[in-house]
Each structure stands twice: as structure tokens, then as C-alpha cells.
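Report on one structure; see the data block that follows.
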There are 2 protein chains.
Amino acid sequence: MAEKASGAPYHPLGHVTGSTKYQQVVEAAAQLFADRGYRGTSMRDIADAVGLHAPSLYNRVHSKADVLRAIIDSALDGLVDAQFQAISSTPDVELQLRRAVEAKVLFQAQHPHFIRVLALEVHHLDEQPRGVVTDRIAQYEDSWLALINRGCASGHFRVASVELLVPTLLSMGTQSAAQSALNLSMAQVAYHFGDMAMRLVEPAGIPGRGSTDVDPGASDISRSA
Amino acid sequence: MAEKASGAPYHPLGHVTGSTKYQQVVEAAAQLFADRGYRGTSMRDIADAVGLHAPSLYNRVHSKADVLRAIIDSALDGLVDAQFQAISSTPDVELQLRRAVEAKVLFQAQHPHFIRVLALEVHHLDEQPRGVVTDRIAQYEDSWLALINRGCASGHFRVASVELLVPTLLSMGTQSAAQSALNLSMAQVAYHFGDMAMRLVEPAGIPGRGSTDVDPGASDISRSA
DNA sequence: CCTACCGATCGGTAGG
DNA sequence: CCTACCGATCGGTAGG
């Protein structure tokens with residue numbers, strides 16, 4: 001899926017602090033894009049970060065856009081893989097959800113720069129590769145939707161709106177800044193988010209309120225503007 | 001707080017489709033920054049959007065960075081105001097939380113471009129104004145933390161980690177794309193998110209699991225990388 | 001609010 | 001993997 005220019009072999013999840021120069025370039029770019037944005041980072045910035053001059057970068061990559069594409073593909077590879085492993089690890093839908101959230105939160109904590117670029121910079125891709133990426137993102141979100149729907153169908157989950165729940169689950173643990181300030185391990189953070197997810201799907205619902213009926217007028221607040 | 005160059009009066013929440021040319025500039029810039037990013041948008045783009053030539057923009061604003069600052073201030077004004085109104089509307093901490101979530105989700109749905117710029121482009125501000133903005137964001141987040149802590153102290157809420165809950169609450173309804181595809185009104189969407197928030201704080205916890213003890217090893221999943 | 005224009009920086013190429 | 005350099009575009013100014 002991702003492309004490269006020279007002989008460096010591509011490895012989907014190989015950004016565990018890369019050994020090849022290509023991986024070093026992609027990782028340095030991910031950190032810079034995450035900090036300053038895609039348009040706020042020049043090829044000279046990336047070259048400096050890996051100890052090269054800007055024109056020499058083009059022996060490793062085809063273009064700046066290809067570097068962005070490699071980062072986004074890598075991030076998506078990790079998320080999709082984590083989701084696949086969580087779901088295939090057990091037939092228990094509750095355990096699937098808990099493990100899916102934990103695996104996602106852990107991957108996000110381990111690769112915050114890639115995740116941030118995926119979340120913020122997709123719109124800088126050209127139309128064609130952007131379509132491929134957004135299709136893949138849609139597939140990934142559908143796998144979460146299907147997981148929740150399975151749990152609802154089997155009676156293990158009860159949820160007012162699957163379409164509003166899934167984005168909430170997907171946003172969990174996205175801001176790694178606050179987490180690192182806590183005295184919790186990544187595994188503990190992941191576990192807490194798993195707990196929150198289970199709360200959001202539990203069939204018991206909210207005590208003191210019998211159903212999940214929609215009654216928007218019950219607590220409206222008069223707005224100023 | 002926000003600045004302007006000419007005689008246009010500044011109005012904190014005045015971006016209800018602006019009447020003055022200054023407001024038109026800020027709103028057009030918000031939409032462009034949200035779509036293409038701050039660095040991906042030129043002053044010429046903004047000028048085109050309001051029917052001016054680029055140099056004429058400087059009769060309305062001091063610089064491109066000032067436009068970004070005005071957008072971010074406006075978004076923060078709206079969030080802070082919504083939070084203040086929700087909390088001061090009732091002494092009931094549960095109702096405070098529900099209304100705070102609803103008001104926040106509603107404001108986000110009404111001003112998606114301003115919210116997106118606030119979330120994505122703060123790092124393009126110069127160090128001094130960025131410090132002011134990040135301080136204000138921290139204050140805003142603290143008001144959520146205090147709200148949850150009040151509920152926990154009074155026994156109305158029970159939560160495993162306030163520090164991990166608050167970011168989850170703050171991320172609710174941030175992606176307005178999925179919401180608009182649903183056949184729900186903004187008020188209904190807000191109500192659903194309010195429900196989710198109440199689920200996350202309810203003292204009953206998760207049935208079938210007695211406590212909120214941390215036991216990260218219970219459901220670990222072997223990772224590939 | 002316009003035309004004309006500036007210095008700086010950008011992604012990328014030439015040629016070795 | 002380097003030096004030298006290109007056309008394009010940027011934020012912003014001059015001067016009226």
C-alpha cells in the first residue's frame with residue numbers, strides 16, 4: 001500500500017524506531033508534522049532531522065506527499081491490526097469490546113505522532129490517495145459499528161444511538177498529553193478506558209431513568225446567542 | 001481580548017453569520033482554516049472569499065495570525081459561556097453535568113469551523129498569544145474537572161479516574177460529520193451525549209463487576225509489534 | 001480599496 | 001549525497 005523510492009523494504013508496523021534511513025525519514029516527518037502541521041514543515045526541516053540536505057531526501061522518498069501517505073498508512077495499519085486481533089481473540093462480544101478499546105488506546109499511546117497526523121493531516125493528500133485513505137477509515141469505523149451492533153443483537157449491550165456511541169469510543173485516549181501527566185502506566189490507562197466503554201454499553205442503563213427514550217426538551221438550556 | 005484593526009466593534013459571540021466586514025473576514029477564514037489548515041490557506045484565499053484583494057484585508061486585520069487568534073478566542077468564548085450558563089442554571093450537580101454536555105455539543109454543532117480551528121491550529125500562534133490561549137483552555141478543562149469532583153464528593157458520581165473521564169467528555173460530539181448524516185436534530189444529538197455522560201459517572205458502576213479496582217493484567221492482549 | 005511589488009521560503013530538479 | 005538553482009507562492013508593504 002505505502003510506497004518507497006529506494007531499496008528499503010516497507011514494513012507496515014516497522015516504526016518501532018526505524019533502523020533503515022527510510023524509516024528514520026518517515027518517523028522524523030511524523031514528529032514534525034504532528035508538532036507543526038504538514039504545511040508548516042518543510043522538506044528542509046525533515047532533512048535536518050535526519051542529518052541530510054533537502055535534495056538528498058528525494059533519494060529516499062518520491063515527494064513530500066508520499067511521506068504523509070506513508071505515515072497515514074502506517075497509523076491505519078496499526079489501528080486495523082489492533083482491532084482485528086482484539087475481535088479474533090475471543091467470541092465474547094463484551095471481551096471483544098474491552099480488548100478493542102484497550103488495544104486501540106495502547107497503540108495510540110505508543111505512536112502518538114502517527115495518530116495525530118492521521119487525525120489532522122489527511123486533508124492535505126491529493127484527491128485520489130485521499131479517497132483510498134478515507135475509504136479505509138470508513139471500513140475501520142464500520143468494524144466498530146458492527147461490533148456494537150453484534151452486542152446489541154445478542155442482548156449484551158444496550159445503546160441509544162450506535163452512530164453517536166462509536167465516535168465517542170474512537171475519541172477515547174486520543175489526547176495523550178493528559179495521560180502522560182498521570183502516574184498511570186499505559187496498561188492502566190487502557191484498562192480505565194475499557195471500563196468507560198463497558199459503562200457506555202451496559203444493558204442496565206441509567207438507574208432512576210427507566211428507558212433510553214429520546215426526550216430532548218426535558219433539559220434544554222436557553223442559549224444566549 | 002480579540003483585536004481588530006478598524007472601527008468594527010468586537011462581539012464575542014457575534015459570529016452568527018457576521019454583518020460587519022470584519023466578521024465576514026473572520027468567518028470566511030474560519031471555514032478556510034477548518035478545511036485546508038492555517039498554513040494551507042493564504043490571505044489571497046480569504047480575500048477572494050469576501051470579495052476583496054489580498055492587500056485590502058490589512059485594512060480589516062493586522063495580520064494573518066490575528067485572524068487565527070480572533071477565531072480561537074471566539075470559539076473559547078462560546079465554550080466558556082456555555083459552561084458557565086449550564087453550571088449556574090441549577091445547584092443539582094447531575095443536571096449541571098447533563099446541561100454542560102448538551103450546551104457544549106450544541107455550540108460545537110452550531111460553530112463547527114471555529115471548533116475545528118480551536119482544536120487543530122492553536123500551535124500556529126506565536127508563543128506569547130499561544131500561552132494566553134493554552135492557559136484559558138486549561139482553565140476551561142479545570143471547570144469540568146471541578147464539576148466532576150463536586151459530583152464525586154457529594155456521592156452523586158462515582159468515577160475511576162477523573163483525569164481520564166474529562167478528556168472523554170470533552171471529545172464528545174467533536175466530529176459533526178457523522179452527526180449530520182443522522183436523522184436527528186441537534187437537540188436530540190445533544191441529549192444522547194448527555195445520556196452517555198450520565199452513564200460514565202453513575203455511582204452504580206458496572207453490574208457484574210463489583211468495584212473499579214485497577215487490574216490491567218486481566219484482559220491483556222498480546223501485541224504483534 | 002486598488003495596482004505594483006518586495007524579500008523570503010517553498011517543493012523539487014539539474015548535473016555530477 | 002552534494003552544490004547550485006528554478007519557478008511558484010507566500011505574508012506583507014508602498015503609494016496613492
Side-chain angles (χ1 to χ4, degrees), chain A residues 3-8 18-26 28-33 35-72 117 121-130, chain B residues 3-8 18-26 28-33 35-72 117 121-130:
Chain A
E3 301 175 19
K4 48 170 181 47
S6 71
S19 48
T20 74
K21 201 80 178 181
Y22 174 77
Q23 288 169 342
Q24 289 178 30
V25 169
V26 172
Q31 185 150 1
L32 288 165
F33 291 171
D35 289 344
R36 314 179 192 174
Y38 176 72
R39 295 290 295 262
T41 303
S42 70
M43 290 299 268
R44 285 156 178 85
D45 294 331
I46 300 172
D48 286 347
V50 295
L52 294 178
H53 288 77
S56 302
L57 276 183
Y58 291 88
N59 295 320
R60 309 288 178 175
V61 302
H62 291 124
S63 68
K64 191 186 179 187
D66 276 346
V67 178
L68 176 59
R69 176 69 190 274
I71 294 166
I72 288 172
V117 174
E121 311 290 347
V122 170
H123 65 284
H124 283 119
L125 288 172
D126 289 334
E127 192 167 339
Q128 192 179 14
R130 188 173 63 240
Chain B
E3 299 175 20
K4 49 169 181 49
S6 71
S19 48
T20 75
K21 201 81 178 179
Y22 174 78
Q23 288 169 343
Q24 288 178 29
V25 169
V26 172
Q31 185 150 1
L32 288 165
F33 291 171
D35 289 344
R36 316 178 190 173
Y38 176 72
R39 294 293 294 263
T41 303
S42 70
M43 290 299 268
R44 285 155 178 85
D45 294 332
I46 300 172
D48 287 348
V50 294
L52 293 180
H53 289 76
S56 302
L57 276 182
Y58 291 88
N59 294 320
R60 309 288 178 174
V61 303
H62 291 125
S63 68
K64 189 186 179 187
D66 276 346
V67 178
L68 176 60
R69 176 68 191 277
I71 295 166
I72 289 172
V117 172
E121 312 291 346
V122 170
H123 66 283
H124 283 119
L125 288 173
D126 289 334
E127 191 166 339
Q128 192 178 13
R130 188 172 64 239

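What's counted below: heavy atoms across the whole structure, side chains too, no hydrogens, waters or symmetry copies. All values derive from a computational prediction rather than experimental measurement.
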Say whether, by atom type as modelled, one donor and one acceptor occur between the side chain of B:Tyr38 and the main chain of A:Arg39 under 3.5 angstrom.
no

Shortest non-hydrogen contact from B:His53 toward B:Ala47
C-CB, 3.6 Å

On a heavy-atom basis, the closest approach of B:Ala70 and B:Tyr22 is CB-OH, 3.5 Å

List in chain and number order the residues that pass side chain to side chain contact (heavy atoms under 4.5 Å, CB included) with B:Arg130, two or more places apart in sequence or in another chain; answer none if no residue qualifies.
B:Val122, B:Leu125, B:Glu127, B:Thr134

So, using side chain to side chain contact (heavy atoms under 4.5 Å, CB included) as the criterion, who are the partners of B:Ala30 when residues are at least two apart?
B:Ile71, B:His113, B:Phe114

With the side chain counted from C-beta on, respond yes when B:Arg60 and B:Val50 share a heavy-atom pair under 4.5 Å apart, and no when they do not.
no

For B:Glu121, give me all partners under side chain to side chain donor-acceptor pair (under 3.5 Å), at least two apart in sequence or on another chain.
B:His124

Quick one: how far along DNA chain D does chain A reach, first to last nucleotide 5' to 3', anything under 4.0 Å to a heavy atom?
D:dC1 to D:dA4

Let me spell it out: for each of A:Arg39 and A:Ala54, pick the nucleotide of DNA chain D with the closest heavy atom. Which residue's pick is nearer the 5' end?
A:Ala54

For DNA chain D, the expected dot-bracket line (Watson-Crick or G-U under 3.5 Å, [ ] crossing, | inter-strand) is ||||||||||||||||

Listed by chain and number, what are the side chain to side chain donor-acceptor pair (under 3.5 Å) partners of A:Arg36, not counting sequence neighbours?
A:Asp45

